[in-house]
Amino acid sequence: MKVDFYEKIWMAIAAVLIVAFLSAILIAAGAQAIRPPSHQETINPEEVYDSEEFGSPGVEVQEDGSVRVTMVTEMFFFDPDEIVVPVGKPVTFRITSPDVIHGILVAGTNTNAMVIPGYVTQFTITFPRAGEYLMMCHEYCGTLHHEMQGLVIVEEEGA
Ligand SMILES: [Cu+2]
């Protein structure tokens with residue numbers, strides 16, 4: 001089979017690009033642990049506040065030093081709307097909504113997740129610096145959506 005010289009060049013470029021893009025995906029997934037969320041957990045939205053976990057949302061320190069934040073998003077507030085977490089420790093958020101779709105975005109971090117009624121949103125983040133971070137809803141959820149915000153206070157160990 002005769003392949004034209006320029007055709008060979010284009011085939012080589014295409015092959016290099018495919019290898020480069022595949023490598024980017026594999027490196028991101030393997031070395032940097034960047035991957036789509038795989039957590040899927042359902043909850044009856046009508047029973048959110050009756051459930052053991054979401055009935056009393058808040059911050060809880062686990063035995064291994066990691067922190068769990070249980071939160072309910074509702075029109076038009078976060079419950080709790082102010083949380084205090086330690087710097088440099090993994091903080092796992094578990095959030096659900098009893099009414100409509102909300103979002104949680106913590107300014108200055110890569111925390112950005114949707115909260116969908118019927119599901120439990122879970123993600124883990126380690127805050128690298130102490131400080132106060134604004135937390136807000138970024139999914140339009142009604143007339144007072146713009147007022148739906150809260151505060152994440154990241155404190156130094158022992159503070
Ligand atoms: Cu909202």
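One is the number of the first residue; the rest follow in order along the sequence. Since we're looking at a predicted model, the values are computed, not measured. Just so you know, ligand 1 is whichever comes first in the structure, and atom 1 is the first atom listed for that ligand.
- Heavy-atom minimum distance, Asp81 versus Gln149: CB-O, 4.2 Å.
- The shortest side-chain heavy-atom distance between Glu53 and Arg68 falls under the 4.5 Å cut-off.
- For Thr96 (side chain) and Val120 (main-chain N/O), no donor-acceptor pair under 3.5 Å exists by modelled atom type.
- Note on Cys137: counted as a metal contact of the Cu ion (ligand 1), an N/O/S atom lying under 2.8 Å.
- Taking 4.5 Å as the limit, some side-chain heavy atom of Ile153 sits within range of a side-chain heavy atom of Leu151.
- The Cu ion (ligand 1) has an N, O or S atom of Met148 inside 2.8 Å of it.
- Here the N, O or S atom of His102 that is nearest to the Cu ion (ligand 1) is ND1.
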